[in-house]
Every structure is written in structure tokens, then in C-alpha cells.
Undergrad: 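I am attaching a structure below and will ask some questions about it afterwards.
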Amino acid sequence: MIVPGVASQEIAAALSVELDEPLAAVEYDRFADGERLVRVPGTDERAVVVASTVSDRAHVELLQLQDAVRQRAEEVVTVLPYMGYARQDEAFETGEPVSARAVARAISTGTDRVVTVNPHESAVCDFFEVPCETVDAAARLADPLPSLSDPLFLSPDAGAVALAETVRDAHGSGETDYFEKHRVSDTEVEIRPSDAATAGRDVVLVDDIVATGSTMSTAIEQLSGPERVFVTCVHPMLAGSARTKLANAGADAVYGTDTVERAVSEVSAAPAIAAAL
Ligand code: R5P
């Protein structure tokens with residue numbers, strides 16, 4: 001039985017088709033004081049809770065879903081298509097928590113195993129106290145691309161170049177390169193141009209996540225005379241005015257997967273997740 005979190009209903013439905021397992025019609029409710037409640041109908045030997053923790057609400061509801069199914073299912077699997085707080089994987093200043101560890105520990109208490117998609121650092125899996133596996137959905141990002149002229153697949157930093165290579169390989173041909181990035185603050189980054197020529201070429205920017213859009217919009221500004229610019233990412237969080245920022249910077253199109261359900265979520269990570277289940 002696939003049990004969808006409120007923010008992961010598309011990907012849960014796709015997973016239900018992939019695995020030919022029933023989809024639970026979860027009810028999401030709220031008390032007058034603001035506290036939330038979920039109700040999970042039905043029962044099955046295995047419950048696969050699918051919930052991107054895109055908000056604090058999604059975190060709380062995930063814990064509730066796990067607790068509700070654990071009383072009836074023999075095995076509980078938790079799929080985090082997008083794991084929130086994963087980028088807080090260290091205490092940046094004294095007195096701060098390792099937030100990724102804190103949420104991983106809480107999630108571990110309600111499940112037998114965890115599957116997550118392209119976390120920012122795969123080491124985040126080590127924070128769970130149950131077996132955790134990561135899945136790579138980046139290859140699907142090549143699917144919506146049109147035919148490209150002399151393509152260059154660029155990542156905004158060295159850490160994401162493997163994703164750019166994956167998308168290039170799935171597309172079939174093209175050069176890869178990466179920028180040098182320095183994060184100044186939450187919403188500001190400095191980026192040094194890559195060595196690759198960009199004039200007259202189709203450029204495909206690839207990253208794990210677009211959050212505020214600062215990284216990608218600054219990266220686009222470094223390109224010199226590209227023919228077209230495609231912004232692709234696994235997790236299209238697109239907080240605040242990120243989509244507008246990308247449009248104003250000159251992105252011709254933006255594509256992401258359904259790990260975060262947005263208008264740009266053109267491809268599904270469900271087949272990659274299903275293969276791990
Ligand atoms: C960090 O290194 C990640 O790979 C992304 O580049 C980053 O999280 C994107 O954030 P934003 O869209 O806020 O610049």
C-alpha cells in the first residue's frame with residue numbers, strides 16, 4: 001500500500017502505478033488550535049509512506065503517517081523523494097543543531113528503512129538509524145530537452161558535475177563543465193565562469209536543487225552569448241520569486257522532477273524509486 005504525504009500525491013500515484021500497489025486515500029485534518037491529524041484507511045502487509053518533507057507541516061504529517069501505518073503493517077518503508085533540512089548537515093556555528101541528523105533520527109523511529117532521492121550529500125543517509133538508500137533520478141532530466149545545438153552541460157559547482165554528466169549521458173552527447181561557486185549568504189552566491197565557451201551554444205544548467213534561484217540566476221549571468229539556456233534540477237523547490245528570477249536572468253525553460261511538485265515538474269522520479277523498492 002502506497003501512503004502519500006500531502007505534498008507528494010502525484011509521485012505517490014505514479015509509484016502506485018509503477019509498483020501495482022494500492023494507493024491509500026489519506027485524510028488530512030486540522031483541529032481548531034492548529035494541530036494536524038491524518039487518517040489512513042485500509043491495511044496491507046507493507047506500507048510505503050511517500051512524503052517529501054518540503055515544510056514543517058509535511059514533517060509532522062510524515063511522523064503521523066508512519067505511526068498510523070506501523071500499528072497494522074508488518075513492514076514500513078519511508079520514501080523521502082525530497083528530504084527537507086538535508087542541507088543543514090553540519091552545525092555551521094556553535095550552538096546550532098545538525099538539523100539533518102535531528103530529522104533523520106525522528107523519521108527512523110517510525111520505519112524499517114528509508115529511500116531518498118539525490119540528497120545534496122549522500123552522507124546524509126548515515127544520520128538515519130535504519131537502513132537508508134539513495135536513488136539517482138537525474139537521468140530523467142534529459143527527457144524534456146529538445147534537440148540541442150553543440151550542447152554544453154554545466155553545473156554551478158564541482159559537487160554537481162556528476163549530475164551534469166548523467167544528464168549529458170542520458171541526452172547522448174555534449175561537453176560538460178562546472179563553475180566555481182562561493183556562497184555569500186542564504187540568498188547570495190558568487191560564481192566564477194567556467195572555461196568552456198558558451199557563445200552560440202545551447203547550455204543546459206544542472207543542479208540537485210533550485211531553492212531561491214540565486215545559484216542558477218547568477219550562473220546564467222556568467223554565460224556569454226548562449227543560444228538557449230535550459231535550467232534543470234532534481235528538486236525544483238523554487239521558493240519565493242525563484243521562478244521569476246530565472247526568467248529574468250534569461251532561462252528559456254526550467255525542468256525538474258516530481259520530488260517537489262511544481263508546475264515545472266515535468267518528469268517523474270517514480271521509476272527510479274520503484275527500482276529500489
Ligand atoms: C548547494 O550547493 C546546492 O547544490 C544548490 O546549488 C543550492 O542549494 C541552490 O540554492 P539556491 O537556489 O538558493 O541558490
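Remember, it's 1-based here, ligands and their atoms both numbered in the order they're listed.
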Undergrad: Show which atoms of ligand 1 fall inside a sub-4.0 Å distance from at least one heavy-atom site of Asp157.
TA: 2 (O)

Undergrad: What protein heavy atom lies closest to atom 9 (C) of ligand 1? Include the residue and the distance to one decimal.
TA: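 For this ligand atom, the closest protein heavy atom is Ile209 O, 3.5 Å.
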
Undergrad: Please report the C-alpha distance between Asp143 and Tyr255 in whole Å, then the side-chain angles of each, then the deciding distance to 0.1 Å, and finally whether the side chain to side chain contact (heavy atoms under 4.5 Å, CB included) criterion is met.
TA: CA-CA 10 Å; Asp143 292 357; Tyr255 305 127; over 6 Å; no

Undergrad: At what distance is the nearest protein heavy atom to atom 5 (C) of ligand 1, and which residue and atom is it?
TA: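 Here the closest protein heavy atom is Asp207 OD2, 3.3 Å.
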
Undergrad: Does any part of the side chain of His59, heavy atoms only, come nearer than 4.5 Å to the side chain of Leu63, both counted from C-beta?
TA: no

Undergrad: Hey, could you give me the CD/CD distance between Gln9 and Glu261, rounded to the nearest 0.5 Å?
TA: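 It comes to 7.0 Å.
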
Undergrad: What part of Lys181, side chain from CB on, backbone N/CA/C/O, both or neither, has a heavy atom under 4.0 Å from ligand 1?
TA: side chain

Undergrad: Closest non-hydrogen protein atom to atom 8 (O) of ligand 1, residue and atom name please, with distance?
TA: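 Residue, atom and distance for the closest contact: Arg87 NH1, 2.6 Å.
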
Undergrad: Are Thr78 and Leu65 side-chain neighbours, meaning at least one heavy-atom pair lies under 4.5 Å?
TA: no

Undergrad: Would you say ligand 1 has an N or O under 3.5 Å from any N or O of Val210?
TA: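 Not met; the criterion fails.
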
Undergrad: Counting from 1, what ligand 1 atoms have a heavy atom of Asp208 closer than 4.0 Å?
TA: 3 (C), 4 (O), 5 (C)

Undergrad: In terms of side-chain geometry, is the basic nitrogen of Arg192 or Glu180 positioned less than 4.0 Å from the acidic oxygen of its partner?
TA: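 Looking at Arg192 and Glu180, the cut-off is not met.
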
Undergrad: Does Pro156, backbone or side chain, put an N or O under 3.5 Å from an N or O of ligand 1?
TA: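 No - when backbone and side-chain N and O of Pro156 are compared with those of ligand 1, no distance drops under 3.5 Å.
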
Undergrad: Any idea which protein heavy atom is nearest atom 7 (C) of ligand 1, and the distance to it?
TA: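 Going atom by atom, the protein heavy atom closest to atom 7 (C) of ligand 1 ends up being Arg183 NH2, 3.7 Å.
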
Undergrad: Just to confirm my output: which protein heavy-atom neighbour is closest to atom 2 (O) of ligand 1, and how far is it?
TA: His120 CE1, 3.2 Å

Undergrad: With heavy-atom distances below 4.5 Å as the criterion, would you say the side chains of Leu163 and Tyr178 are in contact?
TA: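 Side-chain contact under 4.5 Å: no.
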
Undergrad: How far is atom 13 (O) of ligand 1 from its nearest protein heavy atom, and which residue and atom name does that atom have?
TA: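 Residue, atom and distance for the closest contact: Thr212 OG1, 2.5 Å.
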
Undergrad: Would you mind checking if Arg70 and Asp112 are paired as a salt bridge, meaning a charged N to carboxylate O distance below 4.0 Å?
TA: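 Yes, this pair counts.
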
Undergrad: Give me the residue, atom name and distance of the protein heavy atom closest to atom 14 (O) of ligand 1.
TA: Thr215 OG1, 2.5 Å

Undergrad: Is the side chain of Thr134 donor-acceptor paired with the backbone N or O of Val117 at a distance under 3.5 Å, no angle test?
TA: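 Between the backbone of Val117 and the side chain of Thr134 there is no qualifying donor-acceptor contact (under 3.5 Å).
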
